Amino acid sequence: MLEKTFDPQSVEPRLYAQWEEAGAFAPTSDPSAEPFSIVIPPPNVTGSLHIGHALNNTLQDVLTRFERMRGKAALWLPGTDHAGIATQMVVERQLAAEGNISRREMGREAFVAKIWEWKEKSSGTIQNQLRRLGASCDWSRERFTLDDGLSAAVRKVFVQLHKEGLIYRDKRLVNWQPDLQTAVSDLEVENVEVNGHMWRFRYPVEGQEGRYVVVATTRPETMIGDTAVAVHPGDERYQDLVGQKVWLPLTGRLIPIIADDYADPEKGTGAVKITPAHDFNDFRVGQRHGLEAINVFTPDAKLNDVAPESYRGLDRFVARKRIVADMDELGLLDGVDNHRLMVPYDEKSKLVVIEPYLTDQWYVDAATLAKPAIAAVENGDTVFVPKNWDKTYFEWLRNIEPWCVSRQLWWGHRIPAWYGPDGHIFVEETETEALAAAAAHYDAPTPLTQDEDVLDTWFSSALWPFSTMGWPQETADLKRFYPTHTLVTGFDIIFFWVARMMMMGLHFQHQVPFKRVVINALIRDEKGQKMSKTKGNVIDPLELIDAYGCDAVRFTMAAMSGQARDVRLSRQRVEGYRNFGTKLWNASRFTQMNECYRVEGFDPAGVKDTLNRWIRGQTVKTVQDVTVALEACAFDVAAATIYRFIWNVVCDWYVELSKPILNGTDEAAKAETRAMTAWTLDVCLTLLHPFSPFITEELWDKLGQVGPARTGLLITTPWPKLPADWIDAEADAEIDWVVDLVTEVRSVRAEMNVPPGARPPLTLAGAQGATRERLDRHLDLILTLARLQSVTEVEAAPAGSVPFVIGEATAALSIAEFIDVRAEQARLKKEIGGLDGDIERTAKKLGNVDFIARAKEEVVEENRARLADAQTAKAKLEAALARLDTVG
RNA sequence: GGGCGGCUAGCUCAGCUGGUUAGAGCGUCUCGUUUACACCGAGAAGGUCGGGGGUUCGAACCCCUCGCCGCCCACCA
């Protein structure tokens with residue numbers, strides 16, 4: 001006999017170990033099995049998994065388990081991402097907190113060694129969390145973006161793209177993170193609207209004493225680097241000034257006034273200062289006009305030696321105040337306004353203001369790589385689920401900018417580029433090859449220095465679907481499992497990751513990396529707030545698992561997954577699904593108590609009893625619905641279907657209706673019902689397994705201890721395939737009738753305040769669909785569930801009589817009439833409603849003066865008649881309804 | 001400025017290509033120790049489906065419009 005309750009704490013680790021020992025997570029070696037593969041979105045090794053990972057990984061596991069049970073060679077490939085900046089920041093912060101020396105003092109090698117230490121610990125934590133989540137991923141294939149194989153893939157890709165001219169070095173403005181002193185990509189910049197100021201400065205016109213050009217700026221400190229003032233070519237105010245020069249205050253430089261469309265006459269004063277080295281727009285203007293780009297900042301965003309001496313070494317924000325003050329003193333401050341402006345912040349720290357900065361970096365020609373990636377989604381080689389996300393994908397890819405892939409960090413893939421003494425660049429996969437190339441180039445062995453920079457972390461992630469399968473080796477896995485079938489990920493990394501995997505996958509494998517991209521929502525807290533460590537509202541999945549069990553957490557994730565963008569996680573909901581597990585557990589106990597054991601060779605096709613034929617059909621329908629839903633990744637629909645079937649069909653009705661049989665004397669019916677109950681429960685366990693693997697596996701084992709031996713663990717048990725002709729319309733009609741009848745009687749009892757203990761006689765007068773025979777057939781069920789003593793049939797009751805009696809209470813209606821009255825009331829109400837609309841419309845028409853004036857008399861007459869008819873009809877119906885209301 | 005979501009019961013959300021009386025869970029109220037389950041059972045209350053207009057025999061669903069809320073993208077001094 002099963003214990004009183006299911007104990008997740010003890011069962012979960014035991015079963016997980018059992019699955020691993022059985023090798024259940026590895027794809028079947030059966031060569032005829034259709035492959036089904038998923039690569040995990042590799043979690044960052046920055047720390048531990050949050051609840052969002054729990055959602056994402058639950059969905060992947062549901063799919064993997066589902067397809068595995070369907071007999072496919074299911075591979076879910078796990079791994080982690082080195083997460084360049086993020087991890088380096090975490091470790092640096094940790095070093096600082098522990099009072100250690102900084103990374104610069106420590107040196108590159110020692111610092112990287114420290115990060116590796118951190119990585120070992122962190123990936124262990126993550127692995128443990130995934131296990132606790134029941135993730136059935138194939139640990140033997142686990143990968144890390146910085147491991148040897150993946151690093152080789154990264155080098156090969158870089159070198160090949162370089163040789164193809166798709167990677168190049170360029171000097172242009174980048175988004176510079178002055179705190180870390182590295183370039184970051186556009187995507188890592190978060191523009192935040194803040195309150196700021198707009199200052200208006202006067203730049204004196206050369207040779208015209210007392211004449212100024214007034215420019216507006218939100219960034220006074222960059223004026224040191226101005227190399228022009230631009231006005232719109234058509235702006236009359238400045239026509240005569242174009243081609244002249246102004247003095248740039250504080251520097252004593254003369255800069256030209258140029259005409260450029262970029263200057264908007266409507267904005268500010270119509271004249272705009274141009275600082276090519278510190279503004280993306282100005283950079284472009286500068287290029288058009290051949291302006292010098294004067295960099296005024298040091299890498300940590302202090303004013304450099306270009307600035308007048310008094311500003312040198314000042315932080316950019318200190319310099320701003322100083323410059324404004326000095327301009328004011330010189331009488332060159334025309335004014336200052338409050339102004340809302342967008343300030344670019346570093347997405348990771350949310351504290352550091354990103355600086356457009358002129359540097360040499362490596363770029364990927366993303367526009368070229370994007371073309372096939374766009375086409376692949378357009379022609380359906382890869383589909384998004386939900387479909388709408390392809391818009392987001394297209395939008396970005398169609399307007400893509402060159403991808404800056406170099407980072408001035410230490411943690412990551414070192415760029416495979418070496419520099420000769422004269423600066424000549426050798427891009428090769430290894431230093432040996434680079435030296436050889438250099439020797440050939442210089443006609444003599446020549447020492448080289450490797451590029452100090454590392455690659456953007458997303459560079460290696462972009463290769464993930466094939467690098468994890470062993471590429472550049474032509475491995476068996478690559479052949480079998482690439483392209484992967486489904487990618488499950490959050491919409492926040494469609495640009496960062498999905499689009500780039502598409503680009504790289506198509507370029508290097510000539511096939512899309514995945515056929516389907518399932519986008520899952522973001523999880524928020526109960527109040528709809530984004531979870532963050534600083535807010536302290538982060539829910540740790542392990543804490544939930546400890547409290548409610550893994551199955552409940554997983555089921556919650558699946559059930560909530562239908563929501564478009566964000567889902568609110570409530571503990572109550574998890575609790576509800578924990579209760580669902582308990583319900584299933586107790587239903588299983590019921591079957592044991594009633595000796596509902598599985599029977600060797602039992603075939604549901606042959607069941608005779610109506611109830612059993614009914615549940616057979618219900619089971620078939622459920623299997624169909626769940627299968628269809630899972631195929632479409634409608635996890636919420638699938639979960640709801642199973643939930644309702646187990647609770648509201650099997651427990652509420654099948655189990656209840658089977659009691660009279662199980663306690664009765666018809667041995668044949670009893671044996672059949674027992675076998676059928678066991679069979680039905682088995683199907684329930686199978687269907688529920690992808691969602692709640694632990695409780696189902698446990699019950700599978702426990703219930704398998706009597707009867708024919710199980711042939712294997714539930715995890716590898718085939719998904720049910722049941723014939724559609726097991727649905728029995730006649731049995732459905734019969735049981736539906738019983739269910740409706742019982743439901744009605746319960747409602748009537750409650751309305752009539754029949755005492756709970758009372759078992760009144762029930763007299764049915766021509767109940768809907770009721771015949772003596774039909775009543776007798778289900779008498780036990782009805783009496784038990786409706787809690788009645790007897791059912792007596794009478795002849796159609798005379799008008800005004802009392803044909804239906806429950807206990808002491810007197811009712812004016814029979815059950816049948818009661819049902820009919822309700823239906824009739826509803827029908828009448830609806831009809832009246834319809835007439836109301838008609839009356840309203842017609843009355844309105846007749847009230848329209850124009851209509852009366854223009855329409856023919858007979859048309860008006862027609863409408864009057866119609867209105868009158870509708871009104872009389874309504875009056876009649878209302879009277880009828882009123883009568884019914886008094887009777888009811 | 002573009003794009004995308006959302007607005008349905010007190011709360012969190014379902015409601016597929018328009019079709020009987022708009023559903024679930026939680027919460028609330030009433031009743032219940034019927035031999036699986038109080039992490040349970042029975043019943044009830046509670047909704048002008050954001051507002052307005054339109055199409056239709058019929059709209060939560062389609063069209064138009066307005067209003068909030070949220071997200072993403074965008075170089076505007």
Side-chain angles (χ1 to χ4, degrees), chain A residues 2 4-6 173 186-187 191 198-200 215-219 222 230 262-264 266-275 279-285 339 341-342 344 356 386 388-389 391-392 394-396 399 491-492 494-495 521-522 524 526 528 530 548 552 559-560 562-573 575-594 628-629 632 634 636-637 640 643-644 648 651-652 655-656 659 663 742-743 746-751 753 755-757 759 784-787 822-823 825-827 829-830 834 837:
Chain A
L2 290 167
K4 188 89 180 157
T5 52
F6 175 63
L173 282 188
D186 306 347
L187 294 173
N191 288 301
M198 175 128 80
W199 291 272
R200 293 192 305 276
V215 297
T217 181
T218 54
R219 301 210 52 199
T222 64
Y262 165 64
D264 182 347
E266 308 286 312
K267 291 257 165 64
T269 61
V272 57
K273 68 195 240 351
I274 301 296
T275 323
D279 182 284
F280 287 97
N281 288 308
D282 293 7
F283 185 75
R284 254 167 255 151
V285 175
H339 184 66
L341 75 159
M342 298 292 257
N388 249 13
W389 288 107
K391 288 208 177 80
T392 306
F394 287 137
E395 162 69 17
W396 189 68
N399 301 298
F491 56 78
D492 51 333
I494 289 178
F495 304 148
L522 239 53
R524 291 161 183 280
E526 277 163 309
K530 206 166 174 174
Y548 301 105
M560 294 190 318
Q563 281 157 64
R565 258 140 213 287
D566 43 45
V567 298
R568 299 183 188 203
L569 179 66
S570 91
R571 300 180 72 91
Q572 276 186 336
R573 190 143 181 202
E575 201 177 311
Y577 292 129
R578 187 269 321 267
N579 295 352
F580 171 58
T582 308
K583 186 77 180 175
L584 175 66
W585 186 263
N586 280 312
S588 305
R589 295 183 77 225
F590 171 84
T591 67
Q592 282 194 329
M593 288 173 188
N594 288 280
V628 167
D636 55 334
V637 174
Y643 182 95
R644 276 198 295 266
N648 303 117
C651 293
D652 286 353
V655 164
E656 292 305 327
K659 281 176 182 172
N663 297 329
V742 168
T743 307
R746 281 173 175 169
S747 181
V748 170
R749 282 180 62 109
E751 280 176 25
N753 296 318
R759 294 201 165 227
T784 311
L785 293 179
R787 310 186 65 200
R822 290 210 163 173
Q825 280 174 324
R827 197 184 66 75
K829 273 182 193 158
K830 207 182 167 195

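It should be emphasised that the depicted structure is a prediction, and the values quoted were computed from it without experimental measurement. Chain identifiers are assigned alphabetically (A, B, ...) following the order of the sequence lines, protein sequences preceding nucleic acid strands; residue numbering begins at 1 within each chain.
Nucleotides of RNA chain B nearest to A:A263 and A:E656 differ in position, and the one nearer the 5' end is that of A:E656. Place A:C651 and A:G576 on RNA chain B by their nearest nucleotides, and A:G576 ends up nearer the 5' end.
Heavy atoms of A:T392 sit nowhere under 4.0 angstrom from any nucleic acid atom. Here A:V215 lies out of heavy-atom contact (under 4.0 Å) with every strand. At a threshold of 4.0 angstrom between heavy atoms, the contacts of A:R219 with the nucleic acid are absent. At a threshold of 4.0 angstrom between heavy atoms, the contacts of A:F283 with the nucleic acid are absent.
In this structure, the side-chain contact (heavy atoms from CB on, under 4.5 Å) partners of A:K583, at least two apart in sequence or on a different chain, are A:W647, A:C651.
Which of B:C73, B:A77, B:C39 sits closest to the side chain of A:L341 comes down to B:A77. Closest contact between the side chain of A:D264 and the listed nucleotides B:C13, B:G43, B:A77 involves B:A77. In this structure, of B:G41, B:G43, B:C73, it is B:C73 that holds the atom nearest to the side chain of A:E395. In the set B:A77, B:C71, B:C73, the nucleotide with an atom closest to the side chain of A:V272 is B:A77. Looking at the side chain of A:Y643, the nearest of the listed nucleotides B:G25, B:G41, B:C37 is B:G25.
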Q: Treat a base pair as Watson-Crick or G-U wobble with both distances under 3.5 Å, then lay out RNA chain B in dot-bracket form, 5' to 3', with | for cross-strand pairs.
A: ((((((((.[[[[.)...(...]]]].(((((.......))))).....[[[[[..)....]]]]])))))))....
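Atom pair A:W389:CH2 and B:C4:P shows a separation of 12 Å (rounding to whole Å applied). Residue A:N648 contributes atom CG, which lies 14 Å from atom C1' of B:A14 at whole-angstrom precision. For A:R746 and B:G43, the CZ to C1' distance is 10 Å, given to the nearest whole Å. Rounded to whole Å, the distance from CG on A:D652 to P on B:G41 is 6 Å. Atom CD of A:Q572 is separated from atom P of B:U12 by 11 Å (rounded to the nearest Å). Distance, A:R571 CZ to B:C39 C1': 15 Å, rounded to whole Å. Remark: P of B:A14 and OH of A:Y577 are 11 Å apart, rounded to the nearest angstrom. Taking atom CG of residue A:L569 and atom P of nucleotide B:C13, one finds them 11 Å apart after rounding to whole Å.
For the P atom pair drawn from B:C49 and B:C62, the interatomic distance equals 15 Å after rounding to whole Å. Only the P atoms considered, B:A44 is 37 Å distant from B:C57, to the nearest whole Å. For B:U12 and B:U34, the C1' atoms lie 34 Å apart once the distance is rounded to whole Å. Separating the P atom of B:G50 from that of B:G10 is a span of 13 Å, rounded to the nearest Å. Rounded to whole Å, the P atom of B:A77 lies 42 Å from the corresponding atom of B:A9. Atom P of B:G58 sits at a distance of 14 Å from the matching atom of B:U20, rounded to the whole Å.
Rounding to the nearest 0.5 angstrom, the gap separating the CG atom in A:D652 from the CZ atom in A:R644 is 12.5 Å. Note that the CD1 atom of A:I274 and the CZ atom of A:R284 stand 12.0 Å from one another [nearest 0.5 Å].
Side-chain contact between A:R746 and A:L785 is present, with heavy atoms from C-beta onward closer than 4.5 Å.
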Q) Hey, mind stepping through A:R589 and A:K4 against side chain to side chain contact (heavy atoms under 4.5 Å, CB included) and telling me if it holds? A) CA-CA 8 Å; A:R589 295 183 77 225; A:K4 188 89 180 157; 4.0 Å; yes
Q: Assess whether side chain to side chain contact (heavy atoms under 4.5 Å, CB included) is satisfied between A:Y643 and A:Y577, documenting all intermediate values.
A: CA-CA 9 Å; A:Y643 182 95; A:Y577 292 129; 3.8 Å; yes
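Below 30°, between 30° and 60°, or above 60°: for A:F491 and A:W389 the angle between ring planes is below 30°, a parallel geometry. Between A:F495 and A:W396, the two ring planes are parallel [angle under 30°; tilted spans 30° to 60°].
Residues A:L2 and A:Q592 approach most closely at N-OE1, 2.8 Å, considering heavy atoms.
Between the base of B:C39 and the side chain of A:R578 there is a donor-acceptor pair shorter than 3.5 Å.
Distances shorter than 4.0 Å separate none of the side-chain N or O atoms of A:K391 from OP1 or OP2 on B:C73. Taking side-chain N and O atoms only, A:R589 has no distance below 4.0 Å to OP1 or OP2 of B:C37. A sub-4.0 Å separation between OP1 or OP2 of B:C40 and a side-chain N or O of A:N579 is present. Applying the 4.0 Å criterion to OP1 and OP2 of B:A36, one finds that A:K659 has a side-chain N or O inside that range.
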